[in-house]
Amino acid sequence: MSDIKITRRGILKGGTIAGAGLAMPTIFTSSAWAGGHSGFTNAPTGNTVTLGFNVPQSGPYADEGADELRAYQLAVEHLNGEGDGGMLNTFSSKALDGTGILGKKVEYVTGDTQTKSDAARASARSMIEKDGAIMITGGSSSGVAVAVQALCQEAGVIFMAGLTHSNDTTGKDKKANGFRHFFNSYMTGAALAPVLANAYGNDRKAYHLTADYNWGYTTEEAVKNSTEALGWETVAAVRTPLTQTDFSSYIAPVLQSGADVLVLNHYGGNMVNSLTNAVQFGLREKMVNDKNFEIVVPLYSRLMAKGAGANVKGIFGSTNWHWSLAQGFTDASGKKVAPDAASAAFVKSFGEKYGFPPSQAAHTCYVQTILYADACTRAKSFKPSAVGEALEGFRFDGLGNGPTLYRAEDHQCFKDVLVVRGKENPTSEYDLLEVVEITPVDQVIYDASIFGGELGGFNNGA
Amino acid sequence: MDAILLQILNGLDKGSAYALIALGLTLIFGTLGVVNFAHGALFMVGAFCAVTFQRILNISFQTIDPTKKDFLGNPLKVDTTYIESWLGPNLGSGILDWAVPISILFAIPVMILIGYVMERGLIKHFYRRPHADQILVTFGLAIVLQEIIKFFYGANPIPTPAPEMFAGSFDFGAAVGLAEDTIIYPYWRLVYFLFSMGIIAAVFSFLQFTTFGMVVRAGMADRETVGLLGINIDRRFTIMFAIAAVVAGLAGLMYTPINAPNYHMGMDFLVLSFVVVVVGGMGSLSGAVLAGFLLGILESFASMKEVIAILPGINQIIIYLVAIIILLTRPRGLMGRKGVMED
């Protein structure tokens, strides 16, 4: 053993090799888009049609990706006439008949986005080139959605976005071939601010902690603008690194700032940690400016709420959909809201198959698949331009969010937005959030031009 | 003044975690000469010992509550833990509440076993190989360990709360004569800091005041000569590897109430801990501890909004910036011995 020569230089060299290996992109290909072309990329020629489900199967959002995949598998079952049909029974469009899409049985391939833009593009590219996928859908991050959407535009296939909340996806980075059912930061701000003002008053001082990337910025801006319009003052907005795990050094100064509300513009692991840290520091037990100190989490997901555990109790946020709509609820004003039949149908299908209720990510992915299939059927074509035109301006109901519009100008869905609060007495690990208000779509709609970007024209590819 | 004191306090608990991981890394590096990139994974495995123990304590039987419905409209199945059923709701829930501290008793043998198997089963085969090989194999091992954890526990963070009596925070500012609510500090972070100091003191005492420790220190200085004296230094170094695994594991376990554990938490700490080791001085135990606290505190200062306003982005690079400055001005690190590992 004495002949071992240990040097710092050697270690740094070894570390560099390991780091370079880790950073190597997964796939580089330069071949043209494959497939039996018939006027558009991957035109189906046999009696099947292949959809590409691009979800995080590894990385920090793997659990969310697994739920998305469950929903996609359920949607494929329902499209092919298996199972109980789920929301096909409640969907306002009756074009789908359980015989696949345009008589072709639906098959699917999956890819792993790893929640990394380059990996997501590589897996989407592989599904289009090698597997002949005619539509790509899925994802749990706006960065991934924007990257894959651009790739699909280039490749000439439709992209039905999964969970992506940044304004940019259907704002400055919008593409004609891309469609988003999920709501966005602007809608969160517009829906949440009145509920916050109602609950906490108009004279509040907010301190924002914001994840230092695109989604964080758009969410901070949306919540700031909406709350300031109702009289709140923004004391400070501090950017936190995406890789941050311990937020104590960011949270500890909050009380000294004079703020009486902390807004955590964080998602996923960032949100779980920052909220846990904020509760540990006892912020919610403090009185500032003669008011109870409050915490707000603009974008909730059930999986995040599960990670944060009891820390979410009583904390307001927003969500695209929640399984409790299936049971009905009593809103903040005491008004009883009846169970939603579409949500009930989806929760029943999903719950009986998998044993637990679906997440909002699962819901949006299921809906996107159904909407794509329906658009193909109504357009009587798989051609992206025909499908896109069928989706543009499409008004529908019966998919869990009430009456919804796929706006033609930016390919963004507009529907009511749910404001939720962490439940005080959950009955199970899935029963963590309660819907306190359904904000009508009229309150969250905006002019399509405010976020810039050019939709461009449809690309049919080959 | 308040803000400075506040960030020093915040840096202490973060520094405690860095110091404990770096201490274990240095122990392994100093004794076995192995650059162990799987050390962060041991921190993560320790945290999941707490999760596992919590799950064991929460093993339940189900009863039907006909008055409530589940999400499918069926009568609600209510879970009752066996421990509450056997020991009564007070003692049972008390034990559940103290799951994290009690899990130390579970984690110590588990970490010793993992450390022993890791060293004997894999790492010993790489003693004579270049550092690049060691880094690659231990890095690979770290990925395997985290994927195993992800397979069994999922990718989502798992809440692992501190006992109720340590759940809140206290007004440190008022305690030292400052205005109320200027410096608040969570109880559990104080517990974590004190626990870390205890572990660090125990490791140093073990090495300094026991015969075993004396032999290990002699082996660290000159392994060949100690071997020539007829002492089985390899066996002692294997034990030191297991001790380093326990230190990392307990650091991870006690960290779980601060941040909900997930499969990736080891990687989050690993790179920073290597920087801590290099800044402290490769092979210097006291250097690792000092640099751990120093960098933890500096990281806290760099995240002050006043500092970010002057130097945007400094919070993201401060640790690496300090590492560059120290390596340029003092290549052997803060407490590394002159001439040791400087080529």
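Because the structure is predicted, anything quoted here is derived from the model rather than measured. All chains are named by letter (A, B, ...) in the order of the sequence lines, taking the proteins before the strands, and each is independently numbered beginning at 1.
- No more than 12 heavy-atom neighbours from other residues, nucleotides or ligands sit within 6.0 angstrom of CG on A:Asn425.
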### Task
Given side chain to side chain contact (heavy atoms under 4.5 Å, CB included), test B:Asp65 with A:Thr427 step by step and report yes or no.
CA-CA 11 Å; B:Asp65 182 349; A:Thr427 55; over 6 Å; no
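- Within the 4.5 angstrom heavy-atom criterion, atoms from both the backbone and the side chain of B:Ala260 approach chain A.
- The pair A:Asp431-B:Lys68 fails the salt-bridge criterion, with no side-chain N (NZ, NE, NH1 or NH2) lying under 4.0 Å from an Asp/Glu carboxylate O.
- Counting non-hydrogen atoms of neighbouring residues, nucleotides and ligands closer than 6.0 angstrom, the CD atom of A:Glu352 exceeds 12 such neighbours.
- Heavy atoms only, all atoms of each residue included: B:Thr182 and A:Gln256 are closest at O-NE2, 2.7 Å.
- Looking only at heavy-atom pairs under 4.5 Å with chain A, the residue among B:Phe166, B:Tyr187, B:Phe269, B:Tyr263 that has the most is B:Tyr263.
- Contact of A:Gln280 with chain B is made through backbone and side chain together, with heavy-atom distances under 4.5 Å.
- Counting heavy-atom pairs under 4.5 Å between each of B:Asp133, B:Leu9, B:Ile184 and chain A puts B:Ile184 at the top.
- Between the side chain of A:Gln327 and the backbone N or O of B:Asp70 there is at least one donor-acceptor pair closer than 3.5 Å.
- Here A:Asn277 is the residue among A:Val347, A:Asn277, A:Asn311 with the most heavy-atom pairs under 4.5 Å with chain B.
- Heavy atoms closer than 4.5 Å to chain B are found in the side chain of A:Tyr207, but not in its backbone.
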#### Entry: Stepwise side chain to side chain contact (heavy atoms under 4.5 Å, CB included) check, B:Phe71 with A:Trp323
CA-CA 8 Å; B:Phe71 73 98; A:Trp323 64 267; 3.2 Å; yes
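- Taking both residues in full, the closest heavy atoms of A:Ala308 and B:Pro159 are given as C-CB, 4.4 Å, listed atom of the first, atom of the second, then distance.
- Side-chain polar atoms of A:Gln244 and B:Asn315 form no donor-acceptor pair below 3.5 angstrom.
- Within the 4.5 angstrom heavy-atom criterion, only side-chain atoms of A:Leu283, from C-beta onward, approach chain B.
- Enclosure of atom NZ in A:Lys423 by more than 12 non-hydrogen atoms of other residues, nucleotides or ligands within 6.0 angstrom is indicated.
- The part of A:Asp212 that comes within reach of chain B is its side chain, from C-beta onward, which places non-hydrogen atoms under 4.5 angstrom from that chain.
- With a 4.5 angstrom heavy-atom cutoff, A:Ser58 touches chain B via backbone and side-chain atoms both.
- Heavy-atom contacts from other residues, nucleotides or ligands closer than 6.0 Å to CD of B:Glu164 number 12 or fewer.
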### Working for side chain to side chain contact (heavy atoms under 4.5 Å, CB included), residues A:Phe281 and B:Asn10
CA-CA 11 Å; A:Phe281 271 80; B:Asn10 282 329; 3.4 Å; yes
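- Chain A forms more heavy-atom pairs under 4.5 Å with one residue of B:Pro312, B:Pro257, B:Ala17 than with any other, namely B:Pro257.
- Within 6.0 Å of the CZ atom in B:Phe152, the count of heavy atoms belonging to other residues, nucleotides or ligands does not exceed 12.
- Both the backbone and the side chain of A:Ala62 have a heavy atom closer than 4.5 Å to some heavy atom of chain B.
- With hydrogens and angles disregarded, a donor-acceptor distance shorter than 3.5 Å links the side chain of B:Asn259 to the backbone of A:Thr245.
- Among all heavy-atom pairs drawn from A:Ser248 and B:Asp13, the shortest one is OG-OD1, 4.5 Å.
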### Message
Run B:Tyr255 and A:Asp246 through side chain to side chain contact (heavy atoms under 4.5 Å, CB included) and show every step you take.
### Response
CA-CA 10 Å; B:Tyr255 202 74; A:Asp246 182 5; 3.6 Å; yes
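- Across B:Ile308, B:Ile258, B:Thr225, the residue that shares the most heavy-atom pairs under 4.5 angstrom with chain A is B:Ile258.
- Judged purely by atom type and a 3.5 angstrom limit, A:Tyr61 has no side-chain atom pairing as donor or acceptor with the backbone of B:Ala155.
- For the set B:Arg189, B:Lys77, B:Lys14, the entry with the most heavy-atom pairs within less than 4.5 Å of chain A is B:Arg189.
- A distance of 15.0 Å separates OG1 of A:Thr243 from CE of B:Met267, quoted to the nearest 0.5 Å.
- Contact of A:Val238 with chain B is made through the side chain alone, with heavy-atom distances under 4.5 Å.
- For chain B, the nearby part of A:Gln57 is the backbone; its heavy atoms alone come within less than 4.5 Å.
- With B:Pro157 as the partner, the side-chain contact (heavy atoms from CB on, under 4.5 Å) test is satisfied by one option alone out of A:Leu303, A:Val272, A:Thr276, A:Asp63: A:Val272.
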